[in-house]
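Naming: A, B, ... by sequence-line order, numbering from 1 per chain. Not measured: the values here are computed from a predicted model.
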Amino acid sequence: MLGRVAFALPQYAARAGRTCDSCHILPDWDAPKFSERKKNLACQTCHVDPAGGGMRTTAGRYYGRATLPMIATSPRPFDDWDRNFPGLGRRDRATPYDDYLPVGPANFEDATAYNDSIHDKWAWGTPKGATRYGPFNGRYAKLNADPILRIGGDFRFATLISDEALMFPMQFDVGTVVHPVHHVTALMNIGARGQSSGYSDTIDDSHSPYFRELFLMTSEWPYQAYAKAGRFVPSFGLRLDDHTSRTRREFELDGSLPESRVTGVEVGAVASYPFLQASCFEMASKYEAPDPWDIFDVDGGWGAALNLGVREFGWSVGASGLVRRRSLDDGGDTDTYGLYGSFNPWYYADRIPLTLQGEIDFGTFQRISGNEAEKLVWYSELGWQLWNGFNMILAYDWADPDRDVVDDQSGRLQFGGQWIVIPGVTFDGRVRYLDVATDTGDDTDVFLQMHIWF
Amino acid sequence: MRPALRLLVVAALLSACDGSGDLPLDQVDPDAVPANPTYDQVYAVLDNRCVMCHTGSDDDDDGDGYASATAGEAEPDLTDCDQIVAQRFDILDQVEDNIMPPGAMPRLTSEQKLLIQRWVANGAPAPCN
């Protein structure tokens, strides 16, 4: 499939199968042969990194313009025409509102006629060696379908209100994608790790900014196979954008930390609909942040990860495994196994705009003593798309970081919503309640976020 | 899914997610953290979990438009060795009682708490004292 992005995430990906014309030009699209199909609801459909997150593909950018926002700047899928905020009506000028979307060429041969209609501020050039089933101009309105150079950004400004209010820059990422010839892509994403004490501390941190991703990739092979080498976060479970989620943090997959990045090789294939991703890597010590600019500062041990499953239109199931092997001084061995999935009733019934997703992870780790211990974590989320651009979220995560230890488990309930006003601007507000096992420590906060992405 | 099977799945999930062990970490595994933690080991925890707010900045003293968590109050600068040592009992109380990190932020792990606890119990050895 071609199309869909956004700042959040697995949930929006799980919904992508609902509207055919977010991917297909209806009604006359000729389906490619099976091995060339992109109909997979995978991270790599919308993100350059097949593990998800960060720089978006043109399909992802288009999804972010056509489907996600309250006011679309690319033609909105047919099924969403009448899902606008009450009173707003059909106001966006990009959607024809008279038929399905005959936008763009029906095939590769017709695509060249659309080259002159491209006006894209953040993408330049056309790579050599275009193939029949690569992205081609015209399908994504005025966006450059397959640029040589793309620049993007991801900025988040947060306010945390508990006993007092903290306003702080949470994330500053600037990404560059170079795609000189077909099948070859380089991604560089430089990010600053947010500090709630302010902008200057964010930049002054000795481990920030740093290379969040830096890899060379060959992709767009049959069954959407790819191989990448460099710095990345291994594919594992649901890549939530909440770095405090325990399904990420407890297993050293916290996306905000340089320590979570590894250097290695990942290969994968994401067909319609099974997927398989495997990686092997070296990593820094658990107790020491690596050099922010040296992706080969990884003398803390090695690891491997496997991620596989099936993503259908209305549901998905997946399983992940991740092992780390290192000395006790560098963090000790860990084995982690996860099951995750999503269910999208909205795909089956238009009156039920709900999406569910969840993950449960079980892991063993070594304490500093060398003794093995176990941890258990799970995450669940229910999304309710009220109107175009308005998504309500109810989520709960729970973690027991050491199954042998009393009173160290806690659960966290979140309720809130995301409002994507226009493409690239999202407001996110949540009330969060933490329930700890001890007599003291239960607390509530309000977390507000403004997210700029392009 | 048949009701009985559904009930079984729910029961299995709930049983997996009920309370954990019966003992605190130092009784489960006395060697879970070093007997004599170093300042560097403690600082690594503070740096990872506390310093993002507790830098000791005043109201917008760096002119970036934002105040730190310590705005207008005499809260510890957890980048400063002297202040960490001076405030060690407060730090320990706050993390042991799960007061800090604040709000709904995940609290410190048992391992991190025990590390700080033993460091304090050993007289808080540090380069600055």
Side-chain angles (χ1 to χ4, degrees), chain A residues 160-164 166-169 193-202 244 246 249-250 257 287-289 360 362 367-371 373 376 378 398-414 431-434 436-447, chain B residues 13 16-34 37 40-41 44-45 47-48 51-57 60-73 79 95-115:
Chain A
L160 178 67
I161 304 168
S162 53
D163 292 337
E164 55 189 312
L166 293 173
M167 297 178 66
F168 57 96
R193 177 184 169 189
Q195 298 284 312
S196 53
S197 48
Y199 289 94
S200 57
D201 288 339
T202 295
T244 68
R246 271 78 68 86
R249 174 168 282 188
E250 290 292 339
L257 300 177
Y287 303 118
E288 186 178 346
I360 182 165
F362 173 79
R367 301 193 191 101
I368 291 172
S369 62
N371 293 328
L376 180 66
W378 62 278
W398 183 93
D400 186 353
D402 191 328
R403 295 287 291 160
D404 296 329
V405 175
V406 68
D407 289 346
D408 62 340
Q409 71 273 25
S410 62
R412 185 168 63 171
L413 183 67
Q414 301 182 54
V431 177
R432 309 185 302 182
Y433 171 68
L434 183 74
V436 298
T438 54
D439 294 335
T440 58
D442 292 359
D443 207 348
T444 302
D445 66 24
V446 175
F447 189 63
Chain B
L13 284 173
C17 298
D18 68 359
S20 54
D22 299 325
L23 299 170
L25 181 58
D26 57 349
Q27 294 180 36
V28 169
D29 186 350
D31 299 321
V33 302
D40 287 345
Q41 289 171 317
V45 174
D47 185 43
N48 189 263
V51 164
M52 63 167 56
C53 297
H54 291 286
T55 57
S57 305
D60 193 17
D61 64 347
D62 54 4
D64 64 10
Y66 289 93
S68 76
T70 60
E73 298 180 25
T79 62
V95 299
E96 280 195 325
D97 291 342
N98 290 316
I99 305 300
M100 284 285 167
M105 301 292 289
R107 306 303 194 241
L108 268 61
T109 64
S110 298
E111 183 182 291
Q112 291 169 324
K113 292 174 184 173
L114 185 58
L115 192 80

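Heavy-atom pairs under 4.5 Å with chain B peak, among Asp163(A), Asp439(A), Asp404(A), Asp408(A), at Asp404(A). Ranking Asn48(B), Val45(B), Ile99(B) against chain A, the residue ahead of the rest is Asn48(B), based on heavy-atom pairs under 4.5 Å.
The shortest distance between side-chain heavy atoms of Asp443(A) and Met100(B) does not fall below 4.5 Å. Using a 4.5 Å heavy-atom cutoff, the side chains of Ser410(A) and Arg107(B) are not in contact. Residues Thr244(A) and Met105(B) meet the side-chain proximity criterion, which asks for heavy atoms closer than 4.5 Å.
In this structure, OG1 on Thr440(A) lies 5.5 Å from CG on Asn98(B), to the nearest 0.5 angstrom.
Shown here for Ala104(B) and Arg412(A), the closest heavy-atom pair between the two residues is O-NH1, 3.0 Å. A pairwise comparison of heavy atoms in Ala32(B) and Ile368(A) identifies O-CB, 3.2 Å as the closest pair.
With a 4.5 angstrom heavy-atom cutoff, Thr444(A) touches chain B only via backbone atoms. At a 4.5 Å heavy-atom cutoff, Leu413(A) makes no contact with chain B through either its backbone or its side chain.
Side chains of Asp402(A) and Ser110(B): no donor on one and acceptor on the other come within 3.5 Å.
Glu111(B) pairs by the salt bridge (Lys or Arg N to Asp or Glu O under 4.0 Å) definition with nothing, not counting sequence neighbours. For Val406(A), the side chain to side chain contact (heavy atoms under 4.5 Å, CB included) test picks out Pro24(B), with sequence neighbours left out.
Results of the side-chain contact (heavy atoms from CB on, under 4.5 Å) test with Val405(A) over Leu25(B), Thr109(B), Asp26(B), Asp22(B) single out Leu25(B) as the only residue that passes.
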